[in-house]
Student: 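Input: one structure, supplied below.
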Amino acid sequence: MGLWDKLKGELVDIIEWLDDSRDTIVWRFPRYENEIKMGAKLIVRESQTAVFVNEGQVADVFTPGTYTLTTQNMPILSTLKGWKYGFESPWKAEVYFVNTRQFTDMKWGTQNPVIVRDPEFGAVRLRAFGAFAMRVADAKRLLTELVGTDPQFRTEEVQEYLRQLVVSHLGSALATANVPMLDLASKQLEIGNTLAAVLTDELAPSGIAIPKFIIENISVPPEVEAALDKRTSIGVVGNLDNYTKFQAANAMEDAANNTGGAGEAFGFGIGMAAAQRMAQPSAAPAPAPAGPPPLPTAGWFVGVNGQQQGPYDVSALAGQASSGGLTRDTLVWKNGMAGWVAAGQVTELANVFASVPPPLPPQA
């Protein structure tokens with residue numbers, strides 16, 4: 001440093017840190033040859049801790065507040081310096097400001113899948129990602145274990161270490177949770193809270209705590225997702241027969257979206273097959289009732305002496321009825337009737353016998 005820096009260091013008697021970043025955890029106050037005047041003012045704001053280091057040894061720690069530096073409020077440093085009665089000349093010490101607020105933009109994710117044993121699906125490879133918050137719980141331990149003499153310690157310097165620590169505990173957390181894979185989504189908050197407590201205990205010697213751990217997503221490989229989707233589809237449609245119809249309907253939709261002739265032909269074929277399958281009843285249909293032998297044309301047929309005659313229209317039947325060739329007991333049939341019926345029982349032929357008297361009663 002030049003002469004101006006030296007003079008500025010002698011003139012400035014306020015020690016403070018105004019943090020204009022979002023990722024600085026520790027910041028060392030810059031002074032010329034680390035000289036501090038007795039009686040200087042120390043301002044420690046909320047979410048800050050000030051730590052004095054003398055010759056590589058952590059001395060006094062100051063929590064939020066405004067202090068006038070004297071031997072009375074720096075007992076450890078006074079002991080290290082051998083100040084029995086205090087003195088006014090400048091003395092050397094490093095002042096580190098430690099940011100104790102929560103850093104909430106810490107991300108984590110599994111680069112490689114974590115293999116867990118699921119009670120229903122067996123060994124399953126899971127991937128997960130999310131975020132977590134970290135804060136400094138013990139400034140002295142942080143300086144001793146991680147920061148050292150770094151004048152500006154940022155989150156990027158510790159984030160990868162924390163991510164690896166998270167992943168190393170994730171598999172154990174998922175395995176010991178005893179939660180089936182299909183129920184993991186409902187237990188993500190509970191597992192996250194458990195991981196936060198475990199990580200805080202492990203990081204305690206480094207002075208770091210994990211107050212919040214968030215699992216945003218737990219996923220399986222694509223092939224397992226496809227199998228689960230198919231299984232879900234079967235569960236939704238109910239049974240294999242309905243699932244076949246469901247697939248046929250999907251094929252028809254895909255073919256309709258294909259404007260080519262092949263797509264249209266395929267869709268038409270699938271649609272006909274699906275329609276036929278849906279039209280088939282679940283039980284075997286009852287056999288159709290036996291009818292008269294097939295006839296080439298429509299009309300009325302008359303059974304005479306075991307032989308069918310016709311076809312006749314209604315006027316021809318009326319003529320036969322008048323001549324006595326057709327009686328009410330004569331069997332008749334036409335297309336649409338289930339079988340041969342006596343002419344007198346057919347409503348349509350009632351007019352045929354309107355002018356024909358009924359048979360005479362038996363004579364005594």
Side-chain angles (χ1 to χ4, degrees), residues 17 19-30 44-53 56-59 61-63 94-116 125-177 184 187-219:
W17 176 35
D19 182 18
D20 58 356
S21 71
R22 299 297 300 170
D23 61 350
T24 302
I25 303 175
V26 179
W27 180 77
R28 186 173 66 195
F29 184 78
V44 183
R45 289 172 169 77
E46 292 293 339
S47 301
Q48 291 181 353
T49 298
V51 181
F52 282 70
V53 178
Q57 186 173 355
V58 176
V61 178
F62 293 85
T63 55
E94 297 173 351
V95 183
Y96 288 89
F97 284 89
V98 180
N99 198 335
T100 58
R101 72 171 180 85
Q102 289 191 30
F103 293 88
T104 59
D105 56 349
M106 311 291 283
K107 304 294 185 181
W108 66 272
T110 55
Q111 293 182 348
N112 298 313
V114 178
I115 300 178
V116 298
R125 294 181 291 123
L126 300 177
R127 291 182 181 271
F129 64 87
F132 63 92
M134 65 149 287
R135 66 176 181 87
V136 177
D138 191 320
K140 292 178 64 175
R141 288 185 176 182
L142 178 69
L143 290 173
T144 303
E145 298 296 329
L146 293 179
V147 179
T149 59
D150 192 344
Q152 191 170 17
F153 187 72
R154 297 178 178 272
T155 55
E156 62 184 13
E157 299 179 57
V158 72
Q159 185 167 5
E160 180 59 22
Y161 166 69
L162 295 178
R163 189 197 67 80
Q164 293 176 357
L165 192 63
V166 167
V167 174
S168 68
H169 285 278
L170 181 63
S172 176
L174 294 176
T176 57
L184 283 176
K187 299 292 184 178
Q188 287 181 184
L189 180 60
E190 180 180 336
I191 297 173
N193 293 337
T194 301
L195 274 173
V198 171
L199 292 171
T200 297
D201 290 341
E202 182 159 343
L203 291 169
S206 301
I208 295 177
I210 306 296
K212 189 67 175 178
F213 190 91
I214 301 172
I215 301 176
E216 294 184 26
N217 180 264
I218 300 177
S219 60

Student: Could you pull out all donor-acceptor pairs under 3.5 Å where a side-chain atom in residues 167-175 meets a protein atom, sequence neighbours excluded?
Tutor:
{"unit_1": "Ser168", "atom_1": "OG", "unit_2": "Gln164", "atom_2": "O", "d": "3.4"}
{"unit_1": "Ser168", "atom_1": "OG", "unit_2": "Leu165", "atom_2": "O", "d": "2.6"}
{"unit_1": "His169", "atom_1": "NE2", "unit_2": "Glu202", "atom_2": "OE1", "d": "2.5"}

Student: Arg22: what forms a side-chain hydrogen bond (donor to acceptor under 3.5 Å, both in side chains) with it, not counting sequence neighbours?
Tutor: none
Student: Applying side chain to side chain contact (heavy atoms under 4.5 Å, CB included), name anything that partners Gln159, two or more places apart in sequence or on another chain.
Tutor: Met106, Lys107
Student: Taking only residues at least two apart or on different chains, which pairs with a member in residues 151-161 satisfy salt bridge (charged side-chain N to carboxylate O under 4.0 Å, His left out)?
Tutor: Asp23-Arg154, Glu160-Arg163
Student: Rounded to the nearest 0.5 Å, what's the gap from NZ on Lys187 to OG1 on Thr194? Could you check?
Tutor: 10.5 Å
Student: Below 4.5 Å, heavy atoms only, C-beta onward: do Trp27 and Asp19 meet side chain to side chain?
Tutor: no
Student: Are the side chains of Thr63 and Val44 in touch, meaning some heavy atoms are under 4.5 Å apart?
Tutor: no
Student: Going by the angle between their ring planes, with limits at 30° and 60°, are Trp108 and Phe213 parallel, tilted or perpendicular?
Tutor: parallel
Student: For residues 127-150, which residue pairs pass the side-chain hydrogen bond (donor to acceptor under 3.5 Å, both in side chains) check, not counting sequence neighbours?
Tutor: none
Student: How long is the gap from CD1 on Ile210 to CG on Asp201, to the nearest 0.5 Å?
Tutor: 11.0 Å
Student: Give a yes or no answer on whether the side chain of Gln102 reaches the backbone of Pro211 with a donor-acceptor pair at less than 3.5 Å.
Tutor: no
Student: Test of understanding: with ring-ring contact (aromatic ring centres under 6.0 Å, His included), list the residues that count as partners of Phe132, not counting sequence neighbours.
Tutor: none
Student: May I ask you to decide if Val53's main-chain N or O and Glu94's side chain share a donor-acceptor pair within less than 3.5 Å?
Tutor: no
